[in-house]
Amino acid sequence: MENALEAIHNRRSVRAYEDKAVPKDLIDKVIDAGLWAPSGMGRQSAIVVAVTDKEKISWLSELNRKIGGWKEGFDPFYGAPVVLMVLGKKDMPTYVCDGSLMIGTMGIAAEELGLGSCWIHRAKEESEMPEVQEWLSSLGVPEGYEGVGHLILGYPVKDKVAAPQPRKDGRVFWAE
Ligand SMILES: Cc1cc2nc3c(=O)[nH]c(=O)nc-3n(C[C@H](O)[C@H](O)[C@H](O)COP(=O)(O)O)c2cc1C
């Protein structure tokens with residue numbers, strides 16, 4: 001098992017997944033890591049909707065594709081068997097930061113557990129659609145939440161994982 005620093009360096013955005021379900025206990029571990037992410041004033045306001053139902057994933061993918069303006073037939077969730085939709089409570093001043101950190105933390109946990117992941121955007125626009133609001137409400141999500149992002153999860157097709165870009169210079173400043 002990787003330690004945290006190894007997982008941070010080894011994590012890559014995965015855009016090709018094996019057609020293999022992820023055991024629920026692994027999904028739970030990834031989500032649990034997200035629940036332990038820091039949050040503004042410790043309010044733990046970000047929530048996760050875990051989607052494993054193939055039809056629902058296709059439905060969300062199609063909404064996401066249209067929002068993004070991608071060509072018909074493109075799957076912005078790249079065939080991933082799990083979509084974790086993270087939402088923040090709009091009346092919390094730090095809701096976007098809280099949700100973002102939850103996604104980032106879950107991505108590192110996924111790497112450590114041998115899973116691939118990728119942040120997929122456009123959850124805000126999805127969450128503003130009446131049909132998505134109705135669906136979220138049917139799952140028990142209270143009103144007042146806005147999508148921050150999705151983390152897709154699954155087993156990576158290893159030879160399709162892109163190599164990382166070198167880190168850009170000039171991004172660190174010291175005041176010693
Ligand atoms: C805020 C944010 C939004 C992103 N949205 C998408 C997206 O919609 N689709 C996608 O394929 N990747 C998306 N990514 C993944 C980035 O493209 C990826 O992190 C970047 O290319 C660096 O690659 P790496 O994660 O493998 O280091 C997003 C990442 C972030 C942080």
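Residues: numbered from 1 along the sequence shown. This structure is a prediction, so every number in the text was calculated from the model and none was measured.
Here the straight-line distance linking atom NE2 of H121 with atom CD1 of I67 works out to 11.0 Å at 0.5 Å rounding. Rounded to the nearest 0.5 Å, atoms CG (D25) and CG (D32) are 12.0 Å apart. In this structure, R11 CZ and C118 SG are separated by 8.0 Å, a value rounded to the nearest 0.5 Å. Atom CD in E112 sits 7.5 Å away from atom CG in N3 (nearest 0.5 Å). Going from atom CD1 of I31 over to atom CG of L153 covers 8.0 Å, rounded to the nearest 0.5 Å. L115 CG to M106 CE: the interatomic distance, rounded to the nearest 0.5 Å, is 12.0 Å.
Within a 6.0 Å sphere centred on NZ of K24, heavy atoms belonging to other residues, nucleotides or ligands number 12 at most.
Contact record, S117 with G107: OG-CA, 3.7 Å, taken as the closest heavy-atom pair. Contact record, G149 with W119: CA-NE1, 4.0 Å, taken as the closest heavy-atom pair. Closest heavy-atom contact between E18 and P156: OE2-O, 3.7 Å. Closest heavy-atom contact between A162 and R12: O-CD, 3.4 Å. Contact between G116 and V14 at its shortest, heavy atoms only, is CA-CG2, 3.7 Å. Here the closest non-hydrogen pair linking P23 and Y155 is CD-OH, 3.3 Å.
For the pair E131/L63, a side-chain contact is recorded, criterion being any heavy-atom separation below 4.5 Å from C-beta on. Residues P130 and W135 are not in side-chain contact: their nearest non-hydrogen atoms beyond the backbone lie 4.5 Å or more apart. Looking at heavy atoms from C-beta onward, L35 lies in side-chain contact with M102 at the 4.5 angstrom threshold. Side chains of S45 and K90 form no contact here, defined as non-hydrogen atoms less than 4.5 Å apart. The side-chain heavy atoms of H150 and L84, taken from C-beta on, include no pair separated by under 4.5 Å. Taking the side chain as every heavy atom from C-beta outward, L87 and V49 approach each other to under 4.5 Å. Taking 4.5 Å as the limit, some side-chain heavy atom of M85 sits within range of a side-chain heavy atom of E126. Proximity of T52 to I27: side-chain heavy atoms (C-beta onward) are separated by under 4.5 Å at one or more points.
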Discussion item. Pair E143, S137 - check side chain to side chain contact (heavy atoms under 4.5 Å, CB included), show working.
Written reply: CA-CA 7 Å; E143 279 182 21; S137 166; over 6 Å; no

Item to complete: Determine, stepwise, if the pair E62 / R65 fulfils salt bridge (Lys or Arg N to Asp or Glu O under 4.0 Å).
Response: CA-CA 5 Å; E62 189 56 9; R65 180 190 71 75; 2.7 Å; yes

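Partners of W36 by ring pair (Phe, Tyr, Trp, His ring centres under 6.0 Å), not counting sequence neighbours: none found.
Following chains of ILVMFWY side-chain contacts shorter than 4.5 Å, one cannot reach L151 starting from V83, and the two form parts of different hydrophobic clusters. When hydrophobic clusters are built by joining Ile, Leu, Val, Met, Phe, Trp and Tyr residues whose side-chain heavy atoms come closer than 4.5 Å, directly or via intermediates, V161 is grouped together with I152. Linking Ile, Leu, Val, Met, Phe, Trp and Tyr whenever their side-chain heavy atoms come within less than 4.5 Å leaves L139 and V48 in two separate clusters. No continuous path of ILVMFWY side-chain contacts below 4.5 Å connects V148 to I47, so the two sit in separate hydrophobic clusters. Side-chain heavy atoms closer than 4.5 Å link hydrophobic residues (I, L, V, M, F, W, Y) into clusters, and following such links, possibly through other members, connects V96 to M92.
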Identify each donor-acceptor pair in which a side-chain atom of residues 71-82 lies under 3.5 Å from a protein atom, sequence neighbours left out, and give them as a table.
| from | atom 1 | to | atom 2 | distance (Å) |
| --- | --- | --- | --- | --- |
| D75 | OD1 | S61 | OG | 2.8 |
| D75 | OD1 | F77 | N | 2.8 |
| D75 | OD1 | Y78 | N | 3.4 |
| D75 | OD2 | Y78 | N | 3.4 |
| D75 | OD2 | G79 | N | 2.6 |

For residues 168-176, which side-chain donor-acceptor pairs fall under 3.5 Å, sequence neighbours excluded?
none

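In this structure a side-chain-to-backbone donor-acceptor pair under 3.5 Å is present from S39 to R43.
The side-chain tip of K89 does not point at the ring of Y95 from less than 6.0 angstrom away and within 45° of straight on.
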